[in-house]
Amino acid sequence: MTNSEEEKRAMNFVMVVDDSEPDQFLSKYTIEQNSPDAEILQAYDGQEALEILDKLDKQPEVIFLDINMPRMNGHEFLKEYSQRNNCGSVVVMLSSSDQEKDKAASFQYACVKKYLTKPLNEDAVAEVDDLIKQSQ
Amino acid sequence: MTPEEKYDLLEKEFEKFVYITSHDLRAPLRQIGAFMDLFIKSIDVNLDENQALYKSMMMECVEDAQAIVDVLVEYARLHVSEQRIADISVDQCLHESLALLSDVIKEKNAKISIAKGADLTMHGDTALLKKAFFCLVDNALKFHKAQTPPQLSIHAYTAEEKTYIAFEDNGIGLAADKFEIASTILKQLHPKGDYAGRGAGLAFVKKIAHLHGGDVQVENKGTSGTTIIIALKAGA
């Protein structure tokens, strides 16, 4: 990757919300392959994510959000987040299975721009990167 | 509680167990595959012949396990699916279920037609009914004789408030005494690799028929084609 290509990366500030440690690792690894300099925040459920996001002056460009999590799941997070921050970030759902019901429930929130099934791969991250560029 | 009620309760509990375990097994399997991939990439400079073989066999095992778990999840999900109950005609059900098979139909030069009863209706969860039709057509496309394009003739009739739909193909045949095994989830009659699939199609069809108070049976034709008849509640 050339320097000019790196400069074009839109993802500088990212959050991954997932209760699975292996999936956190794999998502972070894949994002870093695309955007080596991105700052990546990690939260292990929706509640923790909200607590972190509430303290930030600037919201991440993108939040990769798992659905099934203890304490506060992805859908509950979306409900709270869309009220609090008027959806300050682009949200990408990261589901373990491709289910129409989950998809429909996710896309009712304007901030949800993509629904991906795990594992996050480099092509999908590149697409998200393009998405962020378009929304900026 | 009557023995029947007890049986139903146990069956429901078991189905829930299968759904939860198979669903929860998916994530660690996927993660093993992903980490294995990363591990191999990190050392994949000059794999010797054996190492390359171990690598491909490991990946194959993971993919195999994932495919089995996927079938189990799909099977268990039949019970928990949100029912959208309506009447649907044989014609509509067939055509909507064919959408995902159009490439294979073209590739195999298959002929599929409704000989009788296209307008007859069935009553039930339309998504599941389409799934049953899909599996039956898919089987006809898979289990055909070499060098003979698959042909499937469908005819439907009603009797005693049920719509019977017969799927008659010109394939390799399914003996009646093998039907029980063939319709058991993940059981395959043929050696792995001879025919595509995981041994799920007929099990799905049988379960969907049972969920609708119906049944499935095979007409014994030995080795000259198969007729599978599915009985479902007739529409209004």
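The sequence lines fix the lettering, A, B, ..., with proteins before strands; numbering per chain opens at 1. Both backbone and side-chain heavy atoms feed into the values below; hydrogens, waters and symmetry mates do not. Everything numeric in this text was worked out from a predicted model, so none of it was measured.
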Would you say that more than 12 heavy atoms from the other residues, nucleotides or ligands in this model lie under 6.0 Å from the [atom1] of [X], or not?
| X | atom1 | answer |
| --- | --- | --- |
| B:K142 | NZ | yes |
| A:F107 | CZ | yes |
| B:E161 | CD | no |
| B:D119 | CG | no |
| A:K79 | NZ | no |

Give me the contact list for residues 20-31 of chain A versus chain B, heavy atoms only, anything under 4.5 Å, ordered by residue number.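 Those residues of residues 20-31 of chain A which have a heavy atom under 4.5 Å from chain B are A:S20, A:P22, A:D23, A:F25, A:L26, A:Y29.
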Residues of residues 65-75 of chain A under 4.5 Å from chain B (heavy atom pairs)?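 Within residues 65-75 of chain A, the residues under 4.5 Å from chain B are A:N68.
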Kindly give the heavy-atom pair with the smallest separation between B:R30 and A:K118, and that separation in Å.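 What the structure gives for the nearest pair is CD-O, 3.2 Å.
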Any B:R26 side-chain heavy atom under 4.5 Å of A:S96 side chain: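 SC-SC contact between B:R26 and A:S96 ruled out.
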Which pairs with one or both residues in residues 93-107 of chain B pass side-chain hydrogen bond (donor to acceptor under 3.5 Å, both in side chains), sequence neighbours excluded?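 Listed by first then second residue: B:D91-B:H95, B:Q92-B:E96, B:E96-B:K130.
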Qualifying residues under salt bridge (charged side-chain N to carboxylate O under 4.0 Å, His left out), relative to B:K108, sequence neighbours excluded: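 Expected list: none.
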